[in-house]
Every structure is written in structure tokens, then in C-alpha cells.
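Let me begin by presenting the structure, written as C-alpha cells, before commenting on it.
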Amino acid sequence: MGDLMTAIYPFFEWCETGPLNKIISSHEAIFPAIETFHLFGITLLLGTILVTSLRLLGVMLPKQPVAELVNELTPYTTWGLFITLCSGVPMFIGVALKCYGASWFWVKMGLLTVALTFHFGYFRRVNDADSPAARNAKLTAIIALSLWFGVGIAGRSIGFFN
């Protein structure tokens, strides 16, 4: 693992000293504006996953068919994810070397990888009654919520604990 960390350090250094970082750091308002979009995207993403998961857990919208709910929320989930990822990249570039040395950054990236894999490989299939995701709806919801809120908590921890 140490060799890999050493090998990727130049990338982090390039991000923080490159032209995009110069633009981001050239004005005080740019980073907070990007962060605002990031938080909006997270709210949209987590909001739709929360509503879907609470439906799967039987806590809300009991008469709403899961397939219908998933179909209605999918565009919002997609936009939330798109906004979050697109704003997360410039946020990272602005503090790349801090992220490199922050253990919570690596926890966040690991959880994000697992959450995206779970979401696109399993969770999105809850609207198909024959899928394992639908048959294990409560477990699917708990895993999805745990992963996505874990990403958020790890991301927030970067600023507080490193």
C-alpha cells in the first residue's frame, strides 16, 4: 500500500498546483459556491435514497408501489449524483494535498466506491419484484442508507478530524 501511495502522490500534487486549482483559489467566493452546489447535490441524492429506503422499510408511503416510486425519483437521484460528483472534483482539486494525508478522505473514497457499486449493481433493481433487492427490501434499504450516510459522515470528518 505504501508504494501505491507514493506512486499517486504526484497526481495529488499536480491537482493542487495545476491550472484548475489556480482558478478555484483565485477568488474567495468560488470554493464556497462549488461547496453549495455539492451540498445541494448531496441533499437531492440522499433525499431520494432516503424516501425510497423508508418506503422499502415500510415506514412511509405504504400504498405507493415501489416500482412507481423508484421510476418517479430516478431522475432526481441521477441529477443529485451528477451534481455531487461534478462539484466534488473541483472541491478535491482545491485541497488535494490535504486529502492525500487525510485518512477520512480515503474512508470516504472507499465508501463512495462501494455505495456507487451497490447503487448501480443492486439498489436500482428494487423496482423489479423478481430481483434479490426487492425480495430483501429491508436489508437493501438499510445497506443503502448506511453506505450513503457513511460517505457523508466520512466526507464531513475530513474537515474535523484530519
Side-chain angles (χ1 to χ4, degrees), residues 1-57 59-60 70 73-74 76-124 126 133 136-162:
M1 185 70 163
D3 290 339
L4 175 62
M5 293 298 287
T6 303
I8 63 173
Y9 182 81
F11 171 75
F12 283 74
E13 192 173 42
W14 174 81
C15 287
E16 193 152 319
T17 59
L20 188 55
N21 187 24
K22 287 182 178 37
I23 294 169
I24 293 168
S25 61
S26 68
H27 196 278
E28 290 179 5
I30 293 177
F31 193 87
I34 295 168
E35 194 168 27
T36 300
F37 279 99
H38 196 64
L39 292 173
F40 173 73
I42 290 169
T43 302
L44 196 55
L45 173 65
L46 287 181
T48 59
I49 290 171
L50 179 63
V51 169
T52 303
S53 295
L54 290 176
R55 169 60 186 91
L56 293 174
L57 291 167
V59 174
M60 64 183 288
V70 169
L73 293 179
T74 293
Y76 300 102
T77 305
T78 303
W79 274 107
L81 182 60
F82 177 78
I83 293 166
T84 301
L85 294 176
C86 287
S87 59
V89 170
M91 284 180 60
F92 160 75
I93 288 172
V95 292
L97 290 176
K98 177 185 176 186
C99 290
Y100 177 83
S103 57
W104 282 106
F105 170 77
W106 298 105
V107 170
K108 177 184 178 178
M109 291 300 105
L111 285 171
L112 179 60
T113 301
V114 175
L116 287 169
T117 302
F118 182 77
H119 182 79
F120 288 105
Y122 195 81
F123 186 76
R124 285 182 47 175
V126 295
N136 300 307
K138 287 182 177 17
L139 180 60
T140 300
I142 291 167
I143 292 170
L145 289 173
S146 299
L147 287 171
W148 285 112
F149 278 95
V151 171
I153 291 166
R156 195 62 211 122
S157 296
I158 295 168
F160 285 117
F161 300 113
N162 288 305

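- Side-chain atoms of Cys15 and Phe11, non-hydrogen and from C-beta on, do get closer than 4.5 Å to each other.
- Across every non-hydrogen atom of Ser53 and Ala141, the tightest pair is O-CB, 3.5 Å.
- Remark: Trp148 CH2 to Ile143 CD1 distance equals 14.0 Å, nearest 0.5 Å.
- The distance from the CD1 atom of Ile83 to the CG atom of Leu39 is 12.0 Å, given to the nearest 0.5 Å.
- A distance of 8.0 Å separates CD1 of Ile34 from CE of Met91, quoted to the nearest 0.5 Å.
- With sequence neighbours excluded, the residues forming a side-chain contact (heavy atoms from CB on, under 4.5 Å) with Ile8 are Leu4, Met5, Phe12, Tyr100, Trp106, listed by chain and number.
- Taking every heavy atom of both residues into account, Ala154 and Val107 meet most closely at CB-CG1, 4.0 Å.
- For Val70, the side-chain contact (heavy atoms from CB on, under 4.5 Å) partners are Thr52, Val66, Thr74, Val126, Asn127, not counting sequence neighbours.
- At least one donor-acceptor pair under 3.5 Å links the side chain of Lys22 to the backbone N or O of Thr17.
- Of all heavy-atom pairs between Lys108 and Ile158, the closest is CD-CD1, 4.1 Å.
- Shown are Thr77, Leu50, Thr78; of these, the side chain to side chain contact (heavy atoms under 4.5 Å, CB included) with Leu45 is made only by Thr77.
- Looking at every heavy atom in both residues, Ile24 comes nearest to Ile93 through CD1-CG2, 4.2 Å.
- In this structure Leu44 satisfies the side-chain contact (heavy atoms from CB on, under 4.5 Å) test together with Phe40, Tyr76, Trp79, sequence neighbours excluded.
- His38 pairs by the ring pair (Phe, Tyr, Trp, His ring centres under 6.0 Å) definition with nothing, not counting sequence neighbours.
- Atom CG of residue Leu111 and atom CD1 of residue Ile153 lie 9.5 Å apart, to the nearest 0.5 angstrom.
- Under the rule for a ring pair (Phe, Tyr, Trp, His ring centres under 6.0 Å), Phe37 has no partner lying at least two apart in sequence or in another chain.
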Practice item. In sequence, state the C-alpha distance, the side-chain angles, and the governing distance for Thr117 and Tyr122, and then conclude on side chain to side chain contact (heavy atoms under 4.5 Å, CB included). Key: CA-CA 8 Å; Thr117 302; Tyr122 195 81; over 6 Å; no
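- In Phe120, the CZ atom is crowded: over 12 heavy atoms of neighbouring residues, nucleotides or ligands sit closer than 6.0 Å.
- Residues passing the side-chain hydrogen bond (donor to acceptor under 3.5 Å, both in side chains) test with Thr84, sequence neighbours excluded: none.
- Distance CG/Asn21 to CH2/Trp14: 10.5 Å, rounded to 0.5 Å.
- Taken from CZ in Phe82 to OG in Ser87, the straight-line distance is 10.0 Å, to the nearest 0.5 Å.
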